[in-house]
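Just so it is clear, the values below take in all heavy atoms, side chains as well, and ignore hydrogens, waters and symmetry mates.
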Amino acid sequence: MALPPSGTTDEAFLREVDEEYRREQAMNLFRDYGRWIIGGVVLLLAALGGWLYWQHHNDRSAGQQGEQYDAAMRLVEQGQADKALPELNKVAGTSGEGYAAMARLAEGNLLLQKNDAKGAAAKFAEVANNTKIEQPYRDLALIRQTVAEYDSLKPQVVIDRLKGLVNPNSPWLGTAGELVAAAYLKAGNRAEAGRLYGQIAQGGEKVPESIRQRAVQLAGVLGVDAIDQSKDTKAQ
């Protein structure tokens with residue numbers, strides 16, 4: 001190794017040698033692994049770019065779906081259901097589960113209004129059986145499907161289908177509960193029907209007032225004093 005130039009200190013010389021050694025190490029490292037390092041960076045940037053594009057595409061698609069859905073519903077409000085149905089079908093065929101689910105539900109409701117219970121039930125079933133769709137949409141679709149098929153279903157089928165939606169903590173207690181209670185009555189099980197009507201009557205804010213009032217009256221007819229139950233519950 002050459003001697004340090006005159007006028008430099010040992011410390012400065014050693015620092016210069018150390019820096020040169022580090023540069024040589026870096027060059028050797030880059031020569032051995034440079035392709036892998038560059039490849040990794042490129043892949044990372046490509047993945048980031050893909051994710052950003054996916055986000056942008058999803059946001060834009062959701063906006064387009066929303067506009068299409070709103071346009072279809074305006075046709076419904078104008079009494080042009082026949083024109084609205086194909087537009088809703090387009091939205092329902094898209095990949096965004098939220099608007100697609102709402103469009104299918106709207107299709108089913110329109111078909112019910114046209115007395116096409118079978119066609120309506122099929123639309124509702126598409127939503128109810130799609131595990132990619134959020135649970136509230138699926139629960140609502142299951143209830144609507146049951147309404148559409150009610151006259152053709154055996155009481156036990158209704159009870160089994162909706163039993164998960166009639167617990168005291170369910171937001172569907174009122175709507176699903178009325179269907180299940182009616183099924184109990186149809187099956188001749190007045191005791192279970194009365195118990196469930198009493199439970200609906202005590203549903204509080206989770207159950208619409210009109211449904212609670214009906215439940216109180218029907219529970220009373222079946223020998224269940226829902227008003228007294230309410231007083232007991234508040235006292236506890």
Any residue meeting side-chain contact (heavy atoms from CB on, under 4.5 Å) with [X], in chain and number order, not counting sequence neighbours:
{"X": "Asn167", "result": "Asn169, Ser170"}
{"X": "Lys154", "result": "Val157"}
{"X": "Lys118", "result": "Asp116"}
{"X": "Ala81", "result": "Leu110"}

Output all residues satisfying side chain to side chain donor-acceptor pair (under 3.5 Å) with [X], sequence neighbours left out; order by chain, then residue number.
{"X": "Lys206", "result": "none"}
{"X": "Asp82", "result": "Lys114"}
{"X": "Arg161", "result": "Thr146, Glu149"}
{"X": "Asp160", "result": "Gln156"}

Compare every heavy atom of [Y] with every heavy atom of [X], then report the nearest pair and how far apart it is.
{"X": "Met102", "Y": "Tyr137", "result": "CG-CE2, 3.7 Å"}
{"X": "Ile200", "Y": "Gly174", "result": "CG2-CA, 4.2 Å"}
{"X": "Val221", "Y": "Arg190", "result": "O-NH2, 3.9 Å"}

Quiz item: Taking only residues at least two apart or on different chains, which pairs with a member in residues 130-142 satisfy salt bridge (Lys or Arg N to Asp or Glu O under 4.0 Å)?
Solution: none

Quiz prompt | Summary of side chain to side chain donor-acceptor pair (under 3.5 Å) pairs that have at least one residue in residues 210-221, sequence neighbours excluded | solution = Glu178-Arg214, Glu209-Arg212, Glu209-Gln213

Side-chain donor-acceptor pairs of residues 84-91 under 3.5 Å, sequence neighbours excluded:
| from | atom 1 | to | atom 2 | distance (Å) |
| --- | --- | --- | --- | --- |
| Glu87 | OE2 | Lys90 | NZ | 3.4 |
| Asn89 | OD1 | Arg104 | NH1 | 3.0 |

Practice problem: Would you please say whether a donor-acceptor pair under 3.5 Å links the side chains of Gln78 and Arg74? | Solution: no

